[in-house]
K.L.:
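The structure under discussion is supplied below as structure tokens; questions concerning it will follow.
To find a chain, count down the sequence lines: A is the first, B the second, and so on, and within it residues start at 1. For clarity, every value in this text was computed on a predicted model and none was experimentally measured.
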Number of protein chains: 2
Amino acid sequence: MSSSVQGKRIRKSPAARRAEIVDAAATVALTEGLECVTLRRIGEALGVRPGLISHYFPSAEDLVAEAFGSAASAELDALLPAERSGATATQHLARFFAHAEGEAYDDISRLWINARHLSRYRSVLRDRVAEQEAAWRGRLGDLIRQGVERGEFHTDDPGVTTVQILVVLDGLGAHANTDTGNRPEAVTRMAVTTAERELGLTSGTLAASL
Amino acid sequence: MSSSVQGKRIRKSPAARRAEIVDAAATVALTEGLECVTLRRIGEALGVRPGLISHYFPSAEDLVAEAFGSAASAELDALLPAERSGATATQHLARFFAHAEGEAYDDISRLWINARHLSRYRSVLRDRVAEQEAAWRGRLGDLIRQGVERGEFHTDDPGVTTVQILVVLDGLGAHANTDTGNRPEAVTRMAVTTAERELGLTSGTLAASL
DNA sequence: GATGTTATTGAGTGTGCGACCAATAAGCAA
DNA sequence: TTGCTTATTGGTCGCACACTCAATAACATC
């Protein structure tokens, strides 16, 4: 951690400072929520006066949107890398679900709920949410289309199948703030089950290919 | 609307005033969001000073929880009446989906997103959300169990099927604040499709029984 | 009509927020 | 070293919020 008391001013290049601010904001967004992304809170995290954050983000709303965008796209890259390694589409998809079912994914679910709600009031964030939704849809869609081309998956409309899987994931994630964790196996596995059914895979294929 | 300028004090019985406050709060929650349920906003809606709201709800958090509970349970009663009329379980279920697919349901979806997010910070609301989730699950579960008893539906575990349907509905509702409305038919119908599949109904049964 | 209970008001406290701006100093260039 | 650009500070303003509490007036009861 950086020392809380600032003896001397540390002057950084605009690019570096801006990146630092966005990083801190993304972390706060992920751990404490988007409404905690305030000038004061981020300034405190960086050992810097709130006014400085204002200097880089004249409108606080922009920073909030940036924080969400940064956190969401980083997570997407971790979950579904843009350039895929040599593994099969099935393996990539299996790995995706393994992450998305894990407890560590709860933070991401919380962030999505947070962003979807807050977009009701903040238009800049709303646009960013739409952008990220498109990115996630695109990335998963690409993987599925690739699987179809290779003959691993079978579906009439890869686009529809993609959205169906994402809808189930959203539904499962909706309870990230309330659920006590005692969910029937058949429910936890809904995303995988949906994928296997819609992609013409025999049940158990995804779990087996890890 | 009530006159905005209050010439004379209007003194009401505690029960009546409290009911009036909860009603106003539920309306604001549904139309403007739970964070707009403030002492000032509700006082304004009733043509009354904010202090009076404090008098009935010493902690504002309780009012927010009450507003959500009131709105959610009213909606549940409209969607799935506790005492069902003579119609078949299939008909009741079909009516439920017809409502839940309609545009008017967006307000409810928004409210649920709102409540699920806000429960991250407000424990009283969190308990209320859990309570309402149980109520919705119970009400839909009862209908499904009744349908199974009557031989209309077929499922090994009515409880699991109930939750699966609700998960899909939550997933579809998650986008209430952002979606532009251009969703493929196969996605919009996911809830009905899921229900028909999990309840052993032939496709189209629910749409046909209205 | 007088009286007492209490629903309702009015005024004030403290907190956290975004936004604004003049003053300051860090670090690069000459 | 000197100077200049500008990143950074420090302070202020206005707003909205929940919460507190003494003063007030509506209304039921006698």
Side-chain angles (χ1 to χ4, degrees), chain A residues 2-25 28-29 32-67 114 118 120-125, chain B residues 2-25 28-29 32-68 114 118 121-125:
Chain A
S2 57
S3 65
S4 55
V5 183
Q6 196 76 42
K8 208 175 172 220
R9 287 190 187 181
I10 298 179
R11 188 187 172 110
K12 303 194 175 182
S13 79
R17 188 61 96 182
R18 192 186 167 92
E20 196 182 42
I21 291 174
V22 171
D23 273 4
V28 170
E32 304 172 27
L34 288 166
E35 22 280 286
C36 295
V37 176
T38 67
L39 305 182
R40 285 165 174 78
R41 179 72 188 79
I42 304 304
E44 182 199 29
L46 296 176
V48 137
R49 314 293 320 182
L52 184 60
I53 314 297
S54 268
H55 176 69
Y56 286 94
F57 290 89
S59 166
E61 194 177 342
D62 292 342
L63 177 57
V64 172
E66 192 68 22
N114 195 167
L118 208 56
R120 179 173 185 173
Y121 306 105
R122 323 250 160 175
S123 61
V124 185
L125 177 61
Chain B
S2 56
S3 65
S4 54
V5 183
Q6 196 73 44
K8 208 176 173 218
R9 286 190 186 180
I10 299 177
R11 188 185 173 112
K12 303 195 174 181
S13 80
R17 186 62 94 180
R18 191 186 166 91
E20 195 182 44
I21 291 174
V22 171
D23 272 4
V28 170
E32 303 171 29
L34 288 166
E35 22 279 285
C36 295
V37 176
T38 67
L39 303 182
R40 284 168 174 75
R41 180 70 189 81
I42 304 304
E44 181 199 28
L46 297 177
V48 135
R49 315 296 318 187
L52 184 60
I53 314 296
S54 269
H55 176 69
Y56 286 94
F57 290 88
S59 166
E61 195 177 341
D62 292 342
L63 176 58
V64 172
E66 191 69 21
F68 166 74
N114 196 166
L118 208 56
Y121 306 105
R122 324 252 160 172
S123 61
V124 185
L125 177 61

K.L.:
Tell whether Arg9(B) reaches the base of dT8(C) with its side chain through a donor-acceptor pair below 3.5 angstrom.
P.N.:
yes
K.L.:
Any donor-acceptor pair under 3.5 Å linking the side chain of Glu61(A) with the backbone of Val124(A)?
P.N.:
yes
K.L.:
Could you state the atom-to-atom distance from CG of Leu52(A) to P of dA26(C) in whole Å?
P.N.:
15 Å
K.L.:
State which of dA7(D), dC17(C), dT9(C) makes the closest approach to the side chain of Arg40(A).
P.N.:
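From the listed options, dC17(C) comes nearest.
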K.L.:
Applying ring pair (Phe, Tyr, Trp, His ring centres under 6.0 Å), can you list everything that pairs with Tyr121(B), at least two apart in sequence or on another chain?
P.N.:
His117(B)
K.L.:
Which nucleotide in the list dT8(C), dG18(C), dA25(C) gets nearest to the side chain of Arg17(B)?
P.N.:
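Of the options given, the side chain of Arg17(B) lies nearest dT8(C).
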K.L.:
Show the nearest heavy-atom pair for residues Ile53(B) and Leu63(B), with the distance to one decimal.
P.N.:
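Scanning both residues completely, I find the closest heavy atoms to be CG2-CD2, 3.7 Å.
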K.L.:
Roughly, in whole Å, what's the span from CD1 in Ile53(B) to C1' in dT9(C)?
P.N.:
12 Å
K.L.:
Please report, rounded to the nearest Å, how far the C1' atom of dT9(C) is from the CD atom of Glu44(B).
P.N.:
17 Å
K.L.:
Using side-chain heavy atoms (C-beta onward) and a distance below 4.5 Å, is Leu46(A) in contact with Leu52(A)?
P.N.:
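No; the side chains remain at least 4.5 Å from each other.
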K.L.:
Taking CZ in Arg17(B) as the centre, count heavy atoms belonging to other residues, nucleotides or ligands within less than 6.0 Å. Is the count above 12?
P.N.:
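Correct, the count exceeds 12.
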K.L.:
To the nearest angstrom, how far is Tyr121(B) atom OH from dG16(C) atom C1'?
P.N.:
15 Å
K.L.:
Tell me which nucleotide among dT9(C), dG10(D), dA26(C) gets nearest to the side chain of Arg49(B).
P.N.:
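Output: dT9(C).
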K.L.:
Any side-chain N or O of Ser54(A) below 4.0 angstrom from OP1/OP2 of dA19(C)?
P.N.:
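Indeed not, no polar side-chain atom of Ser54(A) lies that close.
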K.L.:
Expressed as a whole number of angstroms, how long is the span from Lys12(B):NZ to dA28(D):C1'?
P.N.:
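Atom-to-atom, Lys12(B) to dA28(D), this comes out as 18 Å.
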K.L.:
Using atom CG of Leu46(B) as one end and atom C1' of dA7(C) as the other, report the distance to the nearest whole Å.
P.N.:
14 Å
K.L.:
Please list residues of residues 55-66 of chain A whose heavy atoms come under 4.0 Å from any atom in DNA chain C, ordered by number; otherwise none.
P.N.:
Pro58(A), Ser59(A), Ala60(A)
K.L.:
Relative to the 5' end of DNA chain C, which residue comes earlier, Gly51(B) or Arg11(B), by the nucleotide with the nearest heavy atom?
P.N.:
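Here Arg11(B) is the residue nearer the 5' end.
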K.L.:
Could you state the atom-to-atom distance from CD1 of Ile42(B) to P of dA16(D) in whole Å?
P.N.:
16 Å
K.L.:
Do Asn114(B) side-chain atoms and Leu34(B) backbone N/O form a donor-acceptor pair below 3.5 Å?
P.N.:
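Between the backbone of Leu34(B) and the side chain of Asn114(B) there is a qualifying donor-acceptor contact (under 3.5 Å).
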K.L.:
Remember a base hit wins even if backbone is also touched, and classify Pro14(B) as base, sugar-phosphate or nothing at under 4.0 Å, heavy atoms.
P.N.:
sugar-phosphate
K.L.:
When you measure from the side chain of Asp62(B) to the backbone of Phe57(B), do you find a donor-acceptor pair of N or O atoms at a distance under 3.5 Å?
P.N.:
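No, Asp62(B) side chain to Phe57(B) backbone: no donor-acceptor pair under 3.5 Å.
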